[in-house]
Amino acid sequence: MTDLTNDIKETKEIKDKSKDSQAKLEQIVAYDEQFYLPVFGKRVPLVVDHGRNVYLYGTDGKKYMDMIGGIAVNTLGHNNGRLTRAIASQARKVIHCCNYYYNEPQTLLAKKLVEKSFADKVFFANSGAEANEGAIKLARGYWYHKGTPKPKIITATMSFHGRTMATIAATGQEKFRAPFGPNVPGFDYVPYNDINALKAACDSETGAVMLELIQGESGVHPADFDYVQAVRKFCTENKILLIIDEVQTGVGRTGTFFAYEQYGIQPDILTLAKGLAGGVPIGAVLANKMASSGFVPGDHGSTFGGNPLACAAGLAVIEEIESKNLLANVNNVSAYLQKKLANVAKKTHKIAEVRGKGFLLGIELDSGSSYDVKMKLFEKGFLVSSIGSNVIRIAPPLILSRFQAIKFVSALQDVLQGKE
Ligand SMILES: Cc1ncc(COP(=O)(O)O)c(C=O)c1O
């Protein structure tokens, strides 16, 4: 029995049984404050116990509709049969073997991603930041191995590419970099959706441009269609690699398997993570034939990356998306959700704008604090994220139904109208 379980057992003995779940919450919060590095600040007062479909259940027995899906991770919701069976059956076979050897799920997932995309080659990592690290290295390696190093990479202001040293340097937000200098050199930032600024920033040292197609972490801001087309054209004409970060937008989230499909372009390098294995940590770098030459044996690697467990989960996620036609569900329910949110905006005058694509939507409030709205929704049994001071972000599982969507919309309307 662990210390935590012991302590809770003792707590149970002294407290009234009906107060047990509150005691557990207080115990966990106290432990968190004592033992966990304080990077998350004060969290939402929920101790997650288990999940099913689009719902999470707290240790208090309360049910919450998970409209944030682990921040765009729980592609299939919680406790999906195909995914849990795939994980359990792979765990019974082998969880990890190092990359000295081949493993079938790794090869099959790489093959599947190549078949579904522009890419010729895939590399697996363990997170979005790590996938982006791989992409940055691949781009620099490409120019190095050609004999003409071009280390400079242009990214967008207000972008987010991760929390590691190279990815905070790639992230166009000073607040993520400032405490951790000296920062990795070689990154320049230009305003998003401004092709002239991007062109002006590129020079003979520029080896790559790296962009999100929807800036998720800074408030759900989609790239303009014409901008992305112009960036692709400019990069091709000037032999600059185009890296698209689909860590948040990939794996069906925007209504197509990859968001780039909606922009009529193909990147040279693309990264995936969050939704790819439905909650099992994974990251992926996809590259076309030309960019793939940026790595030669020994240039890159990962102990855990491409392990059979994560890759079996990734295969199950893609099989479920395909066999249940979840992209059609995303498009159908998203259109419905956006229509209903537009009605709420009209009725309440409290919503300035709803942005995004598919199941990655930002609801910008006209007035009031998005943190307060998030907490009121939580009290009503709905989980969302609040970005900055005035944006509510939703990124629900791709299985969300119309019925579930309307429940969320009416709860939001009640909160905005101040109804208990
Ligand atoms: C676009 C984008 N890139 C990279 C990352 C970093 O991913 P991870 O937290 O898995 O390292 C995120 C995370 O929010 C993201 O949204």
Side-chain angles (χ1 to χ4, degrees), residues 37 39-40 43 68-75 123-139 153-173 175-177 180 184 187 189 192-193 208-223 228 242-254 258-260 262-263 267 269-286 302 304-307 310 313-314 317 355-362 384-388 391 393-396:
L37 273 167
V39 293
F40 300 118
R43 309 192 207 199
I68 190 60
I71 321 185
V73 167
N74 299 106
T75 311
F123 172 83
F124 291 115
N126 307 289
S127 67
E130 237 190 272
N132 284 337
E133 286 274 341
I136 291 163
K137 279 182 70 179
L138 186 64
I153 299 180
I154 307 295
T155 72
T157 51
M158 300 311 290
S159 58
F160 185 80
H161 297 294
R163 304 276 195 165
T164 58
M165 289 305 281
T167 59
I168 55 170
T171 292
Q173 301 188 59
K175 66 178 181 192
F176 293 110
R177 295 190 299 269
F180 308 110
V184 174
F187 292 90
Y189 318 102
Y192 199 47
N193 281 328
V209 165
M210 180 170 184
L211 291 174
E212 295 157 271
L213 293 175
I214 299 179
Q215 292 189 329
E217 294 303 302
S218 60
V220 189
H221 295 282
V228 176
L242 178 58
I243 306 170
I244 296 292
D245 176 348
E246 291 227 29
V247 165
Q248 189 154 163
T249 54
V251 197
R253 176 129 313 271
T254 66
F258 299 98
Y260 77 77
Q262 295 179 48
Y263 286 90
I269 301 172
L270 178 141
T271 53
L272 292 176
K274 289 179 179 284
L276 181 55
V280 180
I282 194 168
V285 183
L286 282 64
S302 167
F304 291 120
N307 72 77
V317 165
R355 313 183 275 266
K357 290 180 192 296
F359 278 176
L360 179 55
L361 298 178
V384 298
S385 90
S386 102
I387 308 179
V391 177
R393 172 180 47 179
I394 58 171

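Read the numbers this way: they start at 1 and go in the same order the structure lists the ligands and their atoms. Sequence positions, counted from 1, serve as the residue numbers for this chain.
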Q: With side chain to side chain contact (heavy atoms under 4.5 Å, CB included) as the test, would you mind laying out the steps for E217 and Q248 before giving the verdict?
A: CA-CA 9 Å; E217 294 303 302; Q248 189 154 163; 2.9 Å; yes

Q: Output yes when a protein non-hydrogen atom is found under 4.0 Å of atom 9 (O) of ligand 1, and no otherwise.
A: no

Q: Where is the nearest protein heavy atom to atom 3 (N) of ligand 1: which residue, which atom, and how far?
A: D245 OD2, 2.8 Å

Q: Using a heavy-atom cut-off of under 4.0 Å, does the side chain or the backbone of E130 touch ligand 1, or both, or neither?
A: neither

Q: For atom 11 (O) of ligand 1, tell me which residue out of A72, G283, A129 has the closest non-hydrogen atom.
A: A129

Q: Check each heavy atom of N132 against ligand 1 and say whether those closer than 4.0 Å belong to the side chain, the backbone, both or neither.
A: side chain

Q: Roughly how far apart are I243 CD1 and I269 CD1, rounded to 0.5 Å?
A: 4.5 Å

Q: To the nearest 0.1 Å, how far is atom 7 (O) of ligand 1 from its closest protein heavy atom, and which atom is that?
A: G128 CA, 3.3 Å

Q: Measure the shortest side-chain to side-chain distance between I244 and F258 over non-hydrogen atoms and say whether it is less than 4.5 angstrom.
A: no

Q: With respect to A273, determine whether any N or O atom, backbone or side chain, lies less than 3.5 Å from an N or O atom of ligand 1.
A: no

Q: What's the spacing between L272 CG and I282 CD1 if we round to 0.5 Å?
A: 9.0 Å

Q: Considering only protein heavy atoms, which is closest to atom 5 (C) of ligand 1, and at what distance to one decimal place?
A: V247 CG1, 3.7 Å

Q: Do R355 and I214 pass the side chain to side chain contact (heavy atoms under 4.5 Å, CB included) test, and can you show the C-alpha distance, the side-chain angles, and the key distance before you say yes or no?
A: CA-CA 10 Å; R355 313 183 275 266; I214 299 179; over 6 Å; no

Q: Under 3.5 Å, is there a donor-acceptor pair between the T254 and Q262 side chains?
A: yes

Q: Which one holds for E212 and ligand 1: side chain close, backbone close, both close, or neither close, with close meaning a heavy atom under 4.0 Å?
A: side chain

Q: Could you find the nearest protein heavy atom to atom 16 (O) of ligand 1 and give me its residue, atom name and distance?
A: Q248 NE2, 2.7 Å

Q: Tell me whether K274 has any N or O atom under 3.5 angstrom from an N or O of ligand 1.
A: yes

Q: What atoms of ligand 1 come closer than 4.0 angstrom to any heavy atom of E217?
A: 14 (O), 16 (O)

Q: Run the numbers on E130 and T164 for side chain to side chain contact (heavy atoms under 4.5 Å, CB included), then give the verdict.
A: CA-CA 8 Å; E130 237 190 272; T164 58; 5.9 Å; no

Q: With E212 as reference, evaluate V247, T249, D245, T271 under the side-chain contact (heavy atoms from CB on, under 4.5 Å) test and give the passing residue.
A: D245

